[in-house]
Structures are given as C-alpha cells and as structure tokens.
Amino acid sequence: MLDRVFVRRKILEFLEEDIGYRDLTTDSLDVDKNVEGFFIAKQSGVVAGTVFVKEVFNVFGDVSFQSFKKEGDYIEKGEIIGLVYGNCKSILKGERVALNILQRLSGIATLTNLFIKELEGTKTKLLDTRKTTPGFRAFEKYAVKVGGGENHRFALYDMVMLKDNHIALVGSIKEAVKQVKSKVSPIVKVEVEVSNFDQLYEALETEADIIMLDNMTPTQVKEAVEIINGKKLVEVSGNITLENIKQYALSNPDFVSTGSVIHSAKWLDISLKLNTGGV
C-alpha cells in the first residue's frame with residue numbers, strides 16, 4: 001500500500017486540477033442535501049483503487065465511502081463495488097477524480113491478471129516498466145501489484161539498468177559495469193541489457209546481477225537461458241504480448257517484463273449512480 005501522506009497530497013493535486021477554484025455547475029445549483037450513490041461495474045474485471053476512492057471523499061469531510069469489494073477481487077458486470085454517502089455537492093465534486101482512479105487502476109489490474117494467468121505453471125514472474133503516466137506512476141504500479149504482477153525499478157534512483165545508449169556512450173558492457181560498480185552501493189542491483197549473443201557472453205564476464213534479453217525470439221531466449229545457466233538472474237523484455245508470453249516463460253527466465261500492462265490497459269467501465277431521493 002502507498003504511504004497515506006503521499007496519497008493525500010496526490011489526490012489533492014488531482015482534485016485541484018479538476019475543480020480549480022470552483023465547480024461552476026454544482027455550485028450554481030440550489031440544492032444541498034445528503035444522498036447516496038453506488039459505484040457499479042459495467043464490465044467484468046479486477047477491482048483496484050477503492051482505497052484511493054475512499055481518500056478522495058475523505059478530503060471533503062462530509063462524505064464517506066464504503067467498499068463492498070476488496071482490492072484484487074474479480075467483479076462481474078452489474079455488481080456494486082461500493083457506496084458513497086454524504087453531501088450531494090461534495091460527491092459531485094469528487095466523482096470524476098474517484099472514477100478516473102478506479103477505472104484506470106481496475107483496467108491495469110485486469111490486464112495484469114490476464115498476463116499472470118498465462119504464466120501459471122512456470123517459475124517466471126511478471127514485471128512492469130517505467131512506461132507510466134507522468135504523475136500517476138505510483139498508482140499505476142500499485143495496480144500491477146493488485147493484479148498479481150511485480151514492480152520493476154520504481155524510478156532511476158533505485159536500481160542500475162545499463163541499456164544500449166549507456167553502453168554506446170561508454171564503449172562496452174564491461175566498461176559500463178565497471179564504472180557503475182565502482183560508484184554505487186554494493187547492495188544496489190546492476191542490470192545489463194543485451195540484444196545478441198556476443199553481448200550476452202560479454203555481460204556474463206562482468207559483475208552484473210541481472211541480464212535482460214531484449215527483443216529476442218523465444219528460441220533465442222531458450223538458448224540464452226541455457227548459456228547463462230543460473231550464473232545471473234534473467235529478464236526477458238521487448239514485444240511481449242498475451243499471445244506469446246507463455247512461449248517465453250517456458251524457457252524458465254526469472255522475469256518477463258512488459259510496459260503494456262500499464263500503457264495498453266483499457267479503463268474498466270464503471271459508473272456512479274446517485275439516489276436523488278435522498279436518505
């Protein structure tokens with residue numbers, strides 16, 4: 001779970017973006033009463049983000065949210081996810097931010113879970129990437145976890161990953177690993193991206209902890225995993241899809257990573273319906 005102070009700060013930013021200095025529509029209505037509303041799934045999928053919906057409405061102080069589902073629960077079309085109760089104007093002001101979070105995160109969790117099902121029976125773990133929405137990364141990576149996946153490095157500061165451009169600038173994989181190893185803490189993991197077998201053999205002669213096999217075919221990955229033979233952790237990345245991930249996993253890499261669980265996830269269709277008769 002994300003730190004609550006961080007979550008509150010981000011949600012205040014989201015609400016400020018949407019409301020600005022006033023809700024011109026809601027504030028112009030001559031109505032002020034308590035109502036209840038229901039978050040209803042219009043598609044089946046995996047729920048993620050109810051904890052943040054609760055925080056959205058907590059900001060207003062006169063609204064409460066109760067979730068009927070746990071994070072990671074599978075819901076069917078038509079099911080009620082949760083109930084919001086309180087001042088009608090506050091509910092309307094928080095509605096869009098709450099729905100945006102719930103729909104986006106549930107979509108990511110749902111797609112992630114489909115990938116996870118393809119990996120059943122293998123030792124391979126699914127990782128996400130840094131291909132995230134600016135300002136929303138923590139929430140999107142949270143949704144991957146809810147869907148059953150794991151997070152790769154969160155940002156540039158928590159792990160070394162030497163990719164093609166880093167290696168090209170320095171001149172070789174060996175030199176790049178040597179330089180970073182001399183400057184970072186020994187507890188920091190170092191990963192090296194390779195795209196052919198010459199680079200693979202070079203990476204095996206370094207102190208890198210993880211080798212990423214980038215844009216290789218399933219056949220090439222199988223051969224590469226046999227060459228590495230447990231000397232390093234192995235990650236496979238590049239053009240991973242629901243249709244081919246099982247082929248890669250059958251070669252027993254430690255990880256398969258794909259940004260598609262985030263950047264290609266469709267929002268889960270969820271609506272908020274108010275009981276306008278009041279309570």
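Only a predicted model underlies this, so the values are computations on that prediction, with no experimental measurement involved.
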Just do the side-chain contact (heavy atoms from CB on, under 4.5 Å) check on V261 and D128 with the steps written out, would you?
CA-CA 7 Å; V261 292; D128 57 21; 4.2 Å; yes
Chi angles and distances behind the salt bridge (Lys or Arg N to Asp or Glu O under 4.0 Å) call for R8, E55
CA-CA 7 Å; R8 173 59 70 98; E55 199 63 34; 2.9 Å; yes
Please report the C-alpha distance between F39 and F65 in whole Å, then the side-chain angles of each, then the deciding distance to 0.1 Å, and finally whether the ring-ring contact (aromatic ring centres under 6.0 Å, His included) criterion is met.
CA-CA 10 Å; F39 285 86; F65 172 77; 5.5 Å; yes
Start with the C-alpha distance between S260 and F115, add both sets of side-chain angles, then the distance that settles side-chain contact (heavy atoms from CB on, under 4.5 Å), and finish with yes or no.
CA-CA 10 Å; S260 66; F115 274 93; 3.6 Å; yes
Go through the steps to decide whether N151 and L127 satisfy the test side-chain contact (heavy atoms from CB on, under 4.5 Å), and finish with yes or no.
CA-CA 5 Å; N151 298 148; L127 301 177; over 6 Å; no
Would you check, one step at a time, whether the test side-chain contact (heavy atoms from CB on, under 4.5 Å) holds for V190 with K181?
CA-CA 8 Å; V190 175; K181 277 288 189 179; 3.9 Å; yes
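Residues M159 and I173 do not share a hydrophobic cluster, clusters being chains of Ile/Leu/Val/Met/Phe/Trp/Tyr side chains in contact below 4.5 Å. Residues I80 and L102 are members of separate hydrophobic clusters, defined by side-chain heavy-atom contacts under 4.5 angstrom among Ile, Leu, Val, Met, Phe, Trp and Tyr. Under a hydrophobic-cluster definition in which Ile, Leu, Val, Met, Phe, Trp and Tyr are linked whenever side-chain heavy atoms come within less than 4.5 Å, directly or via other members, I19 and V97 are assigned to the same cluster. Residue F14 is grouped with residue V56 when hydrophobic side chains (ILVMFWY) are merged at heavy-atom distances under 4.5 angstrom, including chains of intermediate members. Following chains of ILVMFWY side-chain contacts shorter than 4.5 Å, one can reach M216 starting from L162, so the two form part of one hydrophobic cluster.
The neighbour count for Q179 CD, taken as heavy atoms of other residues, nucleotides or ligands under 6.0 Å away, is above 12. Remark: R4 CZ is loosely packed, at most 12 non-hydrogen atoms of other residues, nucleotides or ligands lying under 6.0 Å away.
The existence of a salt bridge linking K174 and E202 is excluded, since no basic side-chain nitrogen approaches an acidic carboxylate oxygen closer than 4.0 Å. The pair E140-R104 meets the salt-bridge criterion, since a charged nitrogen lies less than 4.0 angstrom from a carboxylate oxygen. With salt bridges taken as basic N to acidic carboxylate O contacts below 4.0 Å, one links K93 and D27. Taking 4.0 Å as the cut-off between side-chain N and carboxylate O, E79 and K69 count as a salt-bridged pair. The pair E13-K10 counts as a salt bridge, with a side-chain nitrogen and a carboxylate oxygen less than 4.0 angstrom apart.
Residues D32 and C88 approach most closely at CA-SG, 4.1 Å, considering heavy atoms. Closest approach of K222 and E226 over heavy atoms only: NZ-OE2, 2.9 Å. Taking every heavy atom of both residues into account, V146 and V47 meet most closely at CG1-O, 3.6 Å. Of all non-hydrogen atoms in G86 and I91, the two that sit nearest each other are O-CD1, 3.6 Å. Of all heavy-atom pairs spanning L268 and S44, the tightest one is CD1-O, 3.4 Å. When all heavy atoms of K89 and V31 are compared, the closest pair comes out as CE-O, 2.8 Å.
When the options K232, K123, K125 are evaluated for a salt bridge (Lys or Arg N to Asp or Glu O under 4.0 Å) with D254, the one that passes is K123. For the side-chain contact (heavy atoms from CB on, under 4.5 Å) test with V256, the passing option among T122, V234, I240, V221 is I240; the others fail. The one candidate from I81, L83, I75, T50 that meets the side-chain contact (heavy atoms from CB on, under 4.5 Å) condition with F68 is L83. For the pairing with K231, the side-chain contact (heavy atoms from CB on, under 4.5 Å) check across L233, I227, N229 returns one residue only, N229.
No donor-acceptor contact under 3.5 angstrom links the side chains of T219 and T217, judged on distance only. Side-chain contact annotation: Q199 with S195, donor-acceptor N/O pair under 3.5 Å present. A donor and an acceptor atom, one from each side chain of N34 and N87, are nowhere located under 3.5 Å apart. Under the 3.5 Å distance criterion, with hydrogens and angles disregarded, a donor-acceptor pair is assigned to the side chains of D62 and S90. Residues E193 and H166 have side chains that never bring a donor and an acceptor to within less than 3.5 angstrom of each other. Donor-acceptor pairing under 3.5 Å is lacking for the side chains of T129 and S257.
Judged purely by atom type and a 3.5 angstrom limit, T26 has no side-chain atom pairing as donor or acceptor with the backbone of D23. Counting only distance, with no hydrogens or angles, the side chain of S237 and the backbone of D214 share no donor-acceptor pair below 3.5 Å. Within the 3.5 Å criterion, the main-chain N or O of L213 finds no donor-acceptor partner in the side chain of E235. Panel note: side chain N244, backbone N239; a donor-acceptor pair is recorded below 3.5 Å. Listed for the E175 side chain is no donor-acceptor partner under 3.5 Å among the backbone atoms of V170. Side chain of T133 to backbone of F136: no donor-acceptor contact under 3.5 angstrom is found. T206 places no side-chain N or O within 3.5 Å of a backbone atom of V177 that could act as its donor or acceptor partner.
Residue K77 holds its NZ atom at 12.0 Å from CD1 of I40, rounded to the nearest 0.5 Å. Rounding to the nearest 0.5 Å gives a distance of 11.0 Å between CD of E118 and CG of N113. With rounding to the nearest 0.5 Å, the separation of NZ in K131 from NE2 in H263 is 5.0 Å. Atom OH of Y248 sits about 8.0 Å away from atom CD of Q220, to the nearest 0.5 Å. Interatomic distance, I245 CD1 to T124 OG1, rounded to the nearest 0.5 Å: 8.0 Å. From E17, atom CD reaches atom CG of N100 across 9.0 Å, with rounding to the nearest 0.5 Å.
Looking only at side-chain heavy atoms (C-beta outward), D269 and Q103 come within less than 4.5 Å of each other. Looking only at side-chain heavy atoms (C-beta outward), E71 and V51 come within less than 4.5 Å of each other. Annotation: side chain of V194 is in contact with side chain of V192 (closest heavy-atom distance under 4.5 Å). Side-chain contact between V46 and D73 is absent, with no heavy atoms from C-beta onward closer than 4.5 Å. Proximity of F60 to L15: side-chain heavy atoms (C-beta onward) are separated by under 4.5 Å at one or more points.
Between Y157 and F154, the two ring planes are tilted [angle within 30° to 60°].
Taking the six-membered ring for Trp and the full ring otherwise, F57 and Y85 have centroids separated by 6.0 Å or more. With ring centers used as reference points, Y142 lies 6.0 Å or more from F139.
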